[in-house]
Engineer: 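Take this structure first; my questions come after.
The first residue in the sequence is number 1, and the count goes up from there.
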Amino acid sequence: MRKLLIAVAVAAMSALASCQEAETPQPDGDYVEVMCGITTDDPDTRAFFDNNSRPEAWETELKSVTIFGYTASGTRLLRYEMTPAEIAAGQVRLRLIKVAYDFYVVANYDVPAEYNSRSKMTAKHENLFAEYNGTAAEVMGACKRVGGFVMTGKLLGVDPTQVTSFTCGLKRSVAKSALRVTVAQMLSTAYPNGKLRLDNARFTGMSMNTTLFTGTYEIRNATTYFVNQAPVNPAANVWDNLFYAYWNPATATCPKITLTGVFDRDGNFATTGDQQAVTYTVSVNPNGDGSIAANGYYRIEANIRQLP
């Protein structure tokens with residue numbers, strides 16, 4: 001009876017193992033160790049309204065990193081979750097079999113087990129737009145999304161028998177659009193006592209989601225999908241907004257920011273008889289074709305010269 005129980009237990013364990021996805025064990029002689037470095041130091045993005053400095057610290061913070069390795073045909077060879085110590089060091093030593101790898105790296109995003117296959121994982125849509133955008137205070141001083149900015153990167157055709165190390169650069173899936181609005185002197189001259197107040201900025205026409213490795217997208221109708229943000233007013237006649245948007249392909253209808261507010265001719269907003277509602281539209285078209293690049297930084301300056 002005891003032998004029978006042992007046999008049944010072994011059979012059950014074998015059946016369980018056959019249902020799980022796992023890398024095929026290889027003899028020690030068939031493995032090599034290669035150092036994998038992870039970097040987020042991309043020159044395309046900058047701090048808010050600064051073309052010279054680095055990104056904000058929270059825009060490159062890594063809270064989790066998952067490394068996937070596939071053959072050229074898409075067979076999964078590796079899924080590795082970096083430890084906090086490895087993330088802090090920016091590198092990990094991987095034990096790899098002696099075949100060429102296509103590496104895909106995902107940061108700050110929990111990729112479910114059912115997306116382990118390359119075809120499913122690369123087709124997985126990220127739809128976190130609302131988590132990135134909010135009030136000016138929420139987005140200008142931190143990442144509004146609790147899990148941080150989703151970042152991805154890939155490096156194809158890495159042969160561990162030919163290299164001792166490699167580095168994979170990660171980029172945010174969203175670009176940042178920084179808008180600064182100022183009032184031209186000619187408007188101040190025309191209305192020496194007048195004052196302009198901008199109350200809201202509405203960002204429309206952007207992609208509402210994207211695949212983890214940038215390939216497909218969906219653009220929402222501007223009347224049903226948009227983001228509102230009240231501008232901050234850091235100085236007289238200066239208003240700032242900051243939005244995050246997904247990668248956008250070239251399109252005839254580029255994203256736009258619509259500004260609404262009030263112009264008061266005597267500068268006293270307590271009296272409403274001399275007030276005029278104002279609306280201004282700013283195109284987000286940095287590349288001239290309506291496109292927005294993932295991880296990009298777009299500094300938009302608008303100068304109001306006259307009333308609508």
Engineer: Both conditions, 6.0 Å and 45 degrees, for the charged tip of Arg202 above the ring of Phe226: are they met here?
Structural biologist: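 Cation-pi check for Arg202 and Phe226: passes.
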Engineer: Less than 4.5 Å apart, any side-chain heavy atom of Tyr191 and any of Phe263?
Structural biologist: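 In short, these two side chains touch, coming nearer than 4.5 Å.
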Engineer: Could you give me the CA-CA distance, side-chain angles and deciding distance for Lys195 and Arg197, then say whether side-chain contact (heavy atoms from CB on, under 4.5 Å) is met?
Structural biologist: CA-CA 7 Å; Lys195 286 186 179 180; Arg197 186 186 72 211; over 6 Å; no
Engineer: Is there a donor-acceptor pair closer than 3.5 Å between any side-chain N or O of Glu131 and the backbone N or O of Val146?
Structural biologist: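 It does not hold such a pair.
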Engineer: Would Glu59 and Lys176 pass as an ion pair if we require N to O under 4.0 Å?
Structural biologist: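 Counted as a salt bridge, because a side-chain N and a carboxylate O are separated by less than 4.0 Å.
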Engineer: I need the minimum non-hydrogen distance between Ala201 and Pro231, along with the two atoms involved.
Structural biologist: N-CD, 4.2 Å
Engineer: Transitively linked via ILVMFWY side-chain contacts under 4.5 Å: Val163 with Val92?
Structural biologist: yes
Engineer: Pair up each side-chain donor or acceptor in residues 99-106 with any protein partner under 3.5 Å, not counting sequence neighbours, and list the distances.
Structural biologist:
unit_1: Tyr101; atom_1: OH; unit_2: Ile97; atom_2: N; d: 3.0
unit_1: Asp102; atom_1: OD1; unit_2: Gly157; atom_2: N; d: 2.8
unit_1: Asp102; atom_1: OD2; unit_2: Arg118; atom_2: NH1; d: 3.0

Engineer: Can you find a heavy atom in the side chain of Leu242 that is under 4.5 Å from one in the side chain of Met140?
Structural biologist: yes
Engineer: Test of understanding: clusters of I, L, V, M, F, W, Y form through side-chain heavy atoms closer than 4.5 Å, transitively. Do Val282 and Val278 belong to the same one?
Structural biologist: yes
Engineer: Show the nearest heavy-atom pair for residues Thr211 and Ala123, with the distance to one decimal.
Structural biologist: CG2-O, 3.8 Å
Engineer: Should we say atom CD of Gln306 is surrounded by more than 12 heavy atoms from elsewhere, each under 6.0 Å from it?
Structural biologist: no
Engineer: Might you point out which heavy atoms bring Gly153 and Phe213 nearest each other, and give the distance in Å?
Structural biologist: O-CE2, 3.3 Å
Engineer: Checking the side chain of Asn108 only, and the main-chain atoms of Lys63 only, is there a donor and an acceptor separated by less than 3.5 Å?
Structural biologist: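 At least one qualifying donor-acceptor pair exists.
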Engineer: Might you point out which heavy atoms bring Leu128 and Tyr246 nearest each other, and give the distance in Å?
Structural biologist: N-OH, 2.7 Å
Engineer: Which pair of non-hydrogen atoms, one from Ala294 and one from Arg172, has the smallest distance, and what is that distance?
Structural biologist: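 For Ala294 and Arg172, the tightest heavy-atom pair comes out as CB-O, 3.5 Å.
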Engineer: Could you tell me if the ring centre of Tyr132 sits under 6.0 Å from that of Phe243?
Structural biologist: no
Engineer: About how many Å separate CD of Glu86 and CD of Glu81, when rounded to the nearest 0.5 Å?
Structural biologist: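 Answer for the CD-CD pair, Glu81 versus Glu86, is 11.0 Å.
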Engineer: Do you reckon Trp58 sits in the same ILVMFWY cluster as Phe129, going by side-chain contacts under 4.5 Å, direct or chained?
Structural biologist: yes
Engineer: Within a strict 4.5 Å, meaning less than it, do heavy atoms of the Pro308 and Gln276 side chains meet?
Structural biologist: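 Side chain of Pro308 against side chain of Gln276, heavy atoms only: contact under 4.5 Å found.
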Engineer: Taking the side chain as C-beta and beyond, is there a heavy-atom pair between Leu170 and Leu62 under 4.5 Å?
Structural biologist: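 In short, these two side chains touch, coming nearer than 4.5 Å.
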Engineer: Donor-acceptor pair, Asp199 side chain versus Ala230 backbone, under 3.5 Å?
Structural biologist: no
Engineer: To the nearest 0.5 Å, tell me how far Ser177 OG sits from Met206 CE.
Structural biologist: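 Those atoms lie 9.0 Å apart.
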Engineer: Kindly determine whether Thr66 and Arg79 satisfy side-chain contact (heavy atoms from CB on, under 4.5 Å), including the steps that lead there.
Structural biologist: CA-CA 7 Å; Thr66 306; Arg79 174 174 177 154; 3.8 Å; yes
Engineer: Any chance you could measure Asn209, atom CG, to Ser207, atom OG, to the nearest 0.5 Å?
Structural biologist: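 Taking CG in Asn209 and OG in Ser207, the distance rounds to 7.5 Å.
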Engineer: Under 3.5 Å, is there a donor-acceptor pair linking the side chains of Asn237 and Thr182?
Structural biologist: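 Checked: Asn237/Thr182 side chains show no N/O donor-acceptor pair below 3.5 Å.
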Engineer: Applying side-chain contact (heavy atoms from CB on, under 4.5 Å) to Val232 and Trp239, what does each step give before you reach the verdict?
Structural biologist: CA-CA 5 Å; Val232 295; Trp239 295 267; over 6 Å; no
Engineer: Would you mind reporting whether Leu259 and Thr281 have side-chain heavy atoms less than 4.5 Å apart?
Structural biologist: no
Engineer: Are Lys124 and Glu126 ion-paired here, with the side-chain N under 4.0 Å from a carboxylate O?
Structural biologist: no
Engineer: Is there a side-chain contact between Thr122 and Leu212, using heavy atoms and a 4.5 Å cut-off?
Structural biologist: no
Engineer: Once salt bridge (charged side-chain N to carboxylate O under 4.0 Å, His left out) is applied, what residue pairs with a partner in residues 264-275 remain, sequence neighbours excluded?
Structural biologist: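 Qualifying pairs, neighbours excluded: none.
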Engineer: Okay, side chain of Thr75, backbone of Thr71: is any donor-acceptor separation there less than 3.5 Å?
Structural biologist: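 Not confirmed, Thr75 side chain does not pair with Thr71 backbone.
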Engineer: Say whether, by atom type as modelled, one donor and one acceptor occur between the side chain of Glu61 and the main chain of Ala57 under 3.5 angstrom.
Structural biologist: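 Here the side-chain-to-backbone pair does not exist.
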Engineer: In Å, rounded to the nearest 0.5 Å, how long is the span from CZ of Arg180 to CG of Asn303?
Structural biologist: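 Answer rounded to 0.5 Å: 12.5 Å.
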Engineer: Could you grab the distance from atom CD1 of Ile292 to atom OG1 of Thr210, nearest 0.5 Å is fine?
Structural biologist: 11.5 Å
Engineer: Nearest 0.5 Å please: distance from the OG1 atom of Thr135 over to the CG atom of Asn228.
Structural biologist: 12.0 Å
Engineer: May I ask you to decide if Ala136's main-chain N or O and Asn241's side chain share a donor-acceptor pair within less than 3.5 Å?
Structural biologist: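 Side chain of Asn241 to backbone of Ala136: no pair is present.
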Engineer: For Thr164, what residues pass the side chain to side chain contact (heavy atoms under 4.5 Å, CB included) criterion, not counting sequence neighbours?
Structural biologist: none
Engineer: Given the side-chain rings of Tyr80 and Phe68, with only the six-membered ring counted for Trp, is the space between their centroids under 6.0 Å?
Structural biologist: no
Engineer: Whether Arg95 engages the ring of Tyr31 as a cation-pi pair (distance to the six-membered ring centre under 6.0 angstrom, angle to the ring normal within 45°) should be assessed.
Structural biologist: yes
Engineer: At their closest point, which heavy atom of Val139 faces which heavy atom of Gly134, and how far apart are they?
Structural biologist: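 Residues Val139 and Gly134, closest heavy atoms: CG1-N, 3.6 Å.
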Engineer: Considering only heavy atoms from C-beta outward, does the side chain of Ile304 approach that of Tyr280 to under 4.5 Å?
Structural biologist: yes
Engineer: Is the backbone N or O of Asp289 less than 3.5 Å from a side-chain atom of Asn285, with the two atoms forming a donor-acceptor pair by type?
Structural biologist: yes
Engineer: Do NZ/NE/NH1/NH2 and the carboxylate oxygens of Lys98 and Asp30 come within less than 4.0 Å?
Structural biologist: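 Here Lys98 does not pair with Asp30 in a salt bridge, since their nearest N and O are not under 4.0 Å apart.
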Engineer: Any side-chain heavy-atom pair from Ser165 and Thr167 closer than 4.5 angstrom?
Structural biologist: no
Engineer: Is there a side-chain contact (heavy atoms from CB on, under 4.5 Å) between Asn133 and Lys144? Walk through the geometry before answering.
Structural biologist: CA-CA 7 Å; Asn133 289 286; Lys144 180 173 173 283; 6.0 Å; no
